[in-house]
Amino acid sequence: MTRRILTTLALLALTAALSAGLLHAQGSAETERSPYRIDLYPGWNLISFPGDPVEAALESVIGDAQVDVILVYQNGEWLAAGRQTDGGWGTTSGFTTLSGGLGYWVHTPTAGAIEVVLSPATPRPSPGGCGWQLVGVWDEEQQPAGTKVDADDYFGGVGWRIAYGFLSEANLWTKLVTGIDGTVELGRGYWVWIPLSHAHTPHSVHYFCHLG
């Protein structure tokens, strides 16, 4: 009788272990995320990510893409990163990671793509002040690059006035003005003019802007 009980308990333990392993495998498959793809064209590209990269280091985000220079404009200052002869990155002011919601100038001598896994839980960023800001297009759903969003809906929470985008594939600047039908696209970056401080809304964070 004792042997039968021990055998039964062993079988139950084995069944529980197998079930737990199967559930873990199923959960991993469900939570595995496909890389987000942004196409690059020869020359300068003005891009952004709709969420934070899971691995945010420059070398992790850029991967195999033949990018040699990256620029970002934050708090009135240009930060730069350049590819070194050993394949690593030389940077200024601690510019070593990339994040969602910012605009980046990316230079590449050849066509290619950046493919990076994004975090599903990225809080929406807000511009850091007034004047010209280099921003990206954040998206909670992280829809594919090229998906269009109404510009007034997207920028309306920060009192924007005018914005410029750059179509690398056509070497063409595009202009957007508040109150006139226009769209921004996921995967692209934009220069946006913000003249004033703006009150908190569900889509923005309150900040103060002092014009001199």
Side-chain angles (χ1 to χ4, degrees), residues 33-41 43-63 65 67-75 77-81 89 91 95-108 111-129 131-158 160 162-176 182-194 203-205:
R33 295 170 61 79
S34 298
Y36 193 88
R37 179 186 174 96
I38 298 176
D39 290 325
L40 301 177
Y41 299 87
W44 287 100
N45 298 259
L46 184 51
I47 70 167
S48 69
F49 306 99
D52 287 338
V54 173
E55 299 291 339
L58 290 173
E59 57 270 21
S60 299
V61 175
I62 301 304
V67 172
D68 51 21
V69 180
I70 307 172
L71 303 174
V72 64
Y73 185 75
Q74 288 184 282
N75 302 318
E77 179 183 7
W78 282 103
L79 306 180
W89 290 91
T91 66
F95 177 33
T96 59
T97 61
L98 302 175
S99 61
L102 291 176
Y104 295 97
W105 281 108
V106 174
H107 184 270
T108 175
I114 292 175
E115 295 186 273
V116 59
V117 176
L118 303 179
S119 170
T122 301
R124 176 167 181 154
S126 65
W132 286 107
Q133 305 291 326
L134 186 56
V135 304
V137 184
W138 175 93
D139 179 43
E140 182 177 13
E141 299 178 7
Q142 295 177 6
Q143 301 171 84
T147 301
K148 297 181 185 300
V149 180
D150 182 87
D152 278 320
D153 287 344
Y154 187 75
F155 291 130
V158 294
W160 76 298
I162 190 170
Y164 290 94
F166 183 70
L167 303 179
S168 304
E169 59 272 37
N171 194 34
L172 178 68
W173 285 96
T174 61
K175 180 179 178 180
L176 300 166
T183 59
V184 294
E185 294 183 20
L186 269 66
R188 297 191 187 275
Y190 293 87
W191 283 107
V192 181
W193 174 257
I194 302 171
H203 301 297
S204 66
V205 176

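Index from 1, following the sequence. These numbers come from a predicted model, not from an experiment.
Using a 30° and 60° split on the angle between ring planes, Trp191 and Trp132 fall in the perpendicular class, above 60°. The aromatic rings of Phe155 and Trp160 are tilted relative to each other, their planes meeting at an angle between 30° and 60°.
Checking side-chain atoms of Asp52 against main-chain N and O of Gly100 turns up a donor-acceptor pair under 3.5 Å. Distance alone, capped at 3.5 Å, places no donor-acceptor pair between the Tyr190 side chain and the Gln133 backbone. Not one N or O on the side chain of Trp89 forms a donor-acceptor pair closer than 3.5 Å with the backbone of Ala57. In terms of modelled atom types and a separation under 3.5 Å, the side chain of Tyr154 and the main chain of Trp138 share a donor-acceptor contact. Between the Asp150 side chain and the Asp152 main chain, a donor and an acceptor come within less than 3.5 Å of each other. Tyr36 contributes a side-chain N or O that, together with a main-chain N or O of Ala145, makes up a donor-acceptor pair within less than 3.5 Å.
In terms of heavy atoms, Leu40 sits closest to Ala65 at CD1-CB, 4.3 Å. Across all their heavy atoms, Thr91 and Ala81 have their closest contact at CG2-CB, 3.7 Å. When every heavy atom of Ser168 is checked against every heavy atom of Leu46, the shortest pair comes out as OG-N, 4.0 Å. Between Leu79 and Gln74, the shortest heavy-atom distance links the atoms CD1-OE1, 3.8 Å. Between Ser48 and Ile38 the shortest heavy-atom distance is O-CD1, 3.0 Å. Closest heavy-atom contact between Pro120 and Gln142: CA-NE2, 4.1 Å.
Here the CG atom belonging to Leu102 is positioned 8.0 Å from the CG atom belonging to Leu134, to the nearest 0.5 angstrom. Atom CG of residue Leu118 and atom OG of residue Ser34 lie 11.0 Å apart, to the nearest 0.5 angstrom. Atom CG in Leu186 sits 5.5 Å away from atom OG1 in Thr147 (nearest 0.5 Å). Between atom CG of residue Leu71 and atom CH2 of residue Trp78 there is a gap of 6.0 Å, rounded to the nearest 0.5 Å. Between atom NZ of residue Lys175 and atom OH of residue Tyr164 there is a gap of 4.5 Å, rounded to the nearest 0.5 Å. Atom CG of Leu98 sits about 5.0 Å away from atom CD1 of Ile70, to the nearest 0.5 Å.
More than 12 heavy-atom neighbours from other residues, nucleotides or ligands sit within 6.0 angstrom of CD on Glu169. In Glu140, the CD atom is not crowded: 12 or fewer heavy atoms of neighbouring residues, nucleotides or ligands sit closer than 6.0 Å.
By the 4.5 Å heavy-atom criterion applied to side chains, Ile114 and Phe49 are counted as neighbours. Between Val137 and Arg188, the closest side-chain pair of non-hydrogen atoms is not below 4.5 Å.
Taking the six-membered ring for Trp and the full ring otherwise, Phe166 and Trp105 have centroids separated by under 6.0 Å.
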